[in-house]
Amino acid sequence: MIKGLCKFGNNVMAIALLRLMDERGCKPNVVSYNTIIDSLCKDKMIDDAFKIFKEMVFDKGILPDVITYNSIICGLCNFGRWEEVSKMLKEMEDEGISPDFQTFNILVDAFCKEGKVDEAEAVIDIMVERGEVPDIVTYSTLIDGYCLRGEMSKARTVFDSLTSRGLVPNVITYSSLLNGYCKTLNIEEAMHMFHEITRKGLKPDIVTYNTMLQGLFRVGRCGAARKLFDEMRAQGQLPDECTYGIILDGLCNNHQVEEALSVFHLVGDSKLNSHIVVYNILIDGASKCGKFDIARALFHDLTVNDLQPDVWTYNVMISGFCGEGLLREAKHLFYKMDESGCPPDNVTYRVLLQGYLKNQHCDDVEMLLQEMDGKGYSLDASTLSLLIDQTAAGSLNRSMLKLIGRLVPKELMETPS
DNA sequence: TTAGGGTTAG
């Protein structure tokens, strides 16, 4: 019952049920608590999960087990709350609960997602030292980590080592490697992987198809993408919202915005079009192709269709306004997004700053830099070089250099260009 | 009667 409620995302009801159980003398055990804690962590409500955790331990005197810790550690990892992860690991050891196979896999995954493959490899070493045997998930995760960094030969080495470890790659393993090849634009090798899947008696799933489709669009092979799309449907794989996004984005990036828009209109009033991502892709595509009037119309349609713009939507629109030289409108939207409860992120600042710089709005540049400084944001390499160029050319006041210096992130200080 | 992996837009 608790699990059912959690599954439907109804954590509040699940917690209420937990309390009711307690009142009626049916004491919740560690399993009931774990179910709720895990669900809260998955719904990104990590602080609520902590509250329930504390209630379980301190009020009810129920001891957490390795599953409790794994759920919380996984939730913390997803938020990059590393210090707390270490704290929880230490707490586990203190309580005499050893991290298990899954604890290690969670850590490997977390490091790989951050591109920290060396750390992930180190975790695997510790895992082996402790007598745990890494499985296909562990290594597929590691392959993902290398793919994310574009280190395909290392990803390949891990993949090739699987058989000697007695592990059999599954469709997810293949898709991970295929994804790496697509991202590095090695479409031949990606296609080869794709064919390997069926050759090994496995079946490409929706993610495999989506990944391959995106790869084909990225290298401009729209015809091949079309053929694959037909093939996937013939194989009984139903396109999902991800497929839809990939196709719209693929068409836009291959100068086929008209085609993308006609697909969008053909889909019409369906659930597929009720997703903000779809609008973001089209608004971006239209404005990049110089059809900013269409982008504006789509942005306007959001309110009509009761869709809430997100930070991407605003960024794409602000970028579009800047590209059109409509700085006043860009600035207006920048303030409006914050008022609408959607605070600007580092991309917003980057986009608007570049717009101001390219249009020589020096006062606005300074104001924005100060705002970034106050909020702890930092500059990216390309905006920084624009700033430096314009200061050198005398179009920006040199007094701003100190402020700019504070906004240079550590990574950029270490690699002078 | 609870926990782990891959795909979507700046």
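Computed from a predicted structure; not experimentally measured. Chain A is the first sequence line, chain B the second, and so forth, proteins listed ahead of strands; every chain is numbered from 1.
Contact check of residues 127-142 of chain A against DNA chain B (heavy atom, cut-off under 4.0 Å) returns A:Asp135, A:Ile136, A:Val137, A:Ser140. Contacts between residues 214-248 of chain A and DNA chain B, defined by a heavy-atom separation below 4.0 Å, involve A:Gln214, A:Arg218, A:Glu241, A:Cys242, A:Ile246, listed by number. Looking at residues 67-91 of chain A, you'll see A:Ile67, A:Asn70 sit with a heavy atom under 4.0 Å from some atom of DNA chain B. Heavy-atom distances under 4.0 Å link DNA chain B to A:Asp345, A:Val347 of residues 322-350 of chain A, given in residue order. At a non-hydrogen distance threshold of 4.0 Å, A:Asn170, A:Val171, A:Ile172 from residues 150-172 of chain A come into contact with DNA chain B.
In this structure, A:Ile276 places its CD1 atom 11 Å from C1' of B:dA9, rounding to the nearest Å. Following rounding to the nearest Å, A:Ile46 (CD1) and B:dA3 (C1') show an atom-to-atom distance of 13 Å. Taking atom CG on A:Leu40 and atom P on B:dT2, their separation rounds to 17 Å, with Å as the unit. We find that CD1 of A:Ile36 is positioned 13 Å from P of B:dA3, with the value rounded to whole Å. Rounded to a whole Å, the CG atom of A:Leu213 is 15 Å from the C1' atom of B:dG6. In this structure, the CG atom of A:Asp310 is 16 Å from the P atom of B:dT8, given to the nearest Å. For the pair A:Lys113 NZ and B:dG5 P, the interatomic distance rounds to 6 Å; values are reported in whole Å. Distance A:Leu107 CG to B:dG5 P: 13 Å, rounded to the nearest Å.
When the side-chain nitrogen and oxygen atoms of A:Lys42 are compared with OP1 and OP2 of B:dA3, none of them lie within a distance under 4.0 Å. Between A:Lys183 and B:dG6 there is no side-chain polar atom (N or O) within less than 4.0 angstrom of OP1 or OP2.
No close placement of the A:Phe53 and A:Phe58 rings is indicated, their centers lying 6.0 Å or farther apart. Taking the ring centroids of A:Trp82 and A:Phe111, they lie under the 6.0 Å cut-off. For an aromatic pair to be called close, the ring centres must be under 6.0 Å apart, and A:Tyr209 with A:Phe194 satisfies this. Taking the six-membered ring for Trp and the full ring otherwise, A:Phe321 and A:Phe292 have centroids separated by under 6.0 Å.
Listed nucleotides: B:dG5, B:dA9, B:dA3. Nearest to the side chain of A:Val277: B:dA9. Distances were taken from every side-chain heavy atom of A:Ser175 (C-beta onward) to each of B:dA9, B:dG6, B:dT1; the shortest belongs to B:dG6.
Summarising the geometry, atom OG belonging to A:Ser86 is positioned 11.0 Å from atom NZ belonging to A:Lys90; distances are rounded to the nearest 0.5 Å.
Using modelled atom types, one finds a donor on one side chain and an acceptor on the other under 3.5 Å when comparing A:Asn70 with A:Thr103.
Residues passing the ring pair (Phe, Tyr, Trp, His ring centres under 6.0 Å) test with A:Phe217, sequence neighbours excluded: none. Residues that satisfy the side chain to side chain donor-acceptor pair (under 3.5 Å) test with A:Gln360, not counting sequence neighbours, are absent from this structure. A search for side chain to side chain donor-acceptor pair (under 3.5 Å) contacts involving A:Tyr377 returns nothing, not counting sequence neighbours. In this structure A:Glu119 satisfies the side chain to side chain donor-acceptor pair (under 3.5 Å) test with no other residue, sequence neighbours excluded.
Within 3.5 Å, no donor on the side chain of A:Ser176 pairs with an acceptor on the base of B:dG6, nor the reverse.
As judged by a 4.0 angstrom heavy-atom cut-off over every strand, A:Asn29 is placed among residues making no nucleic acid contact. Within 4.0 Å (heavy atoms only), A:Val311 reaches at least one base atom of the nucleic acid. Using a 4.0 Å heavy-atom distance criterion, A:Asn179 is classed as a sugar-phosphate-only contact.
Around NZ of A:Lys227, the count of heavy atoms belonging to other residues, nucleotides or ligands within 6.0 Å does not exceed 12. Enclosure of atom CG in A:Asp269 is not indicated, since only 12 or fewer non-hydrogen atoms of other residues, nucleotides or ligands lie within 6.0 angstrom.
For residues 287-296 of chain A, every residue pair satisfying the side-chain hydrogen bond (donor to acceptor under 3.5 Å, both in side chains) rule, not counting sequence neighbours, is listed here: A:Glu258-A:Lys291, A:Asp284-A:Lys288. Under the side-chain hydrogen bond (donor to acceptor under 3.5 Å, both in side chains) criterion, the residue pairs touching residues 171-188 of chain A are A:Ser140-A:Thr173, A:Asp144-A:Ser176, A:Arg156-A:Tyr181, A:Asn170-A:Thr173, A:Ser175-A:Thr208, A:Asn179-A:Lys183, A:Glu188-A:Arg221, with sequence neighbours excluded. Pairs engaging residues 322-335 of chain A under the side-chain hydrogen bond (donor to acceptor under 3.5 Å, both in side chains) rule: A:Lys331-A:Asp364 [sequence neighbours left out].
At distances below 3.5 Å, not a single donor-acceptor pair connects side-chain atoms of A:His275 with backbone N or O atoms of A:Lys271.
Using a 4.0 Å cut-off between charged nitrogen and carboxylate oxygen, A:Arg81 and A:Asp47 count as a salt-bridge pair.
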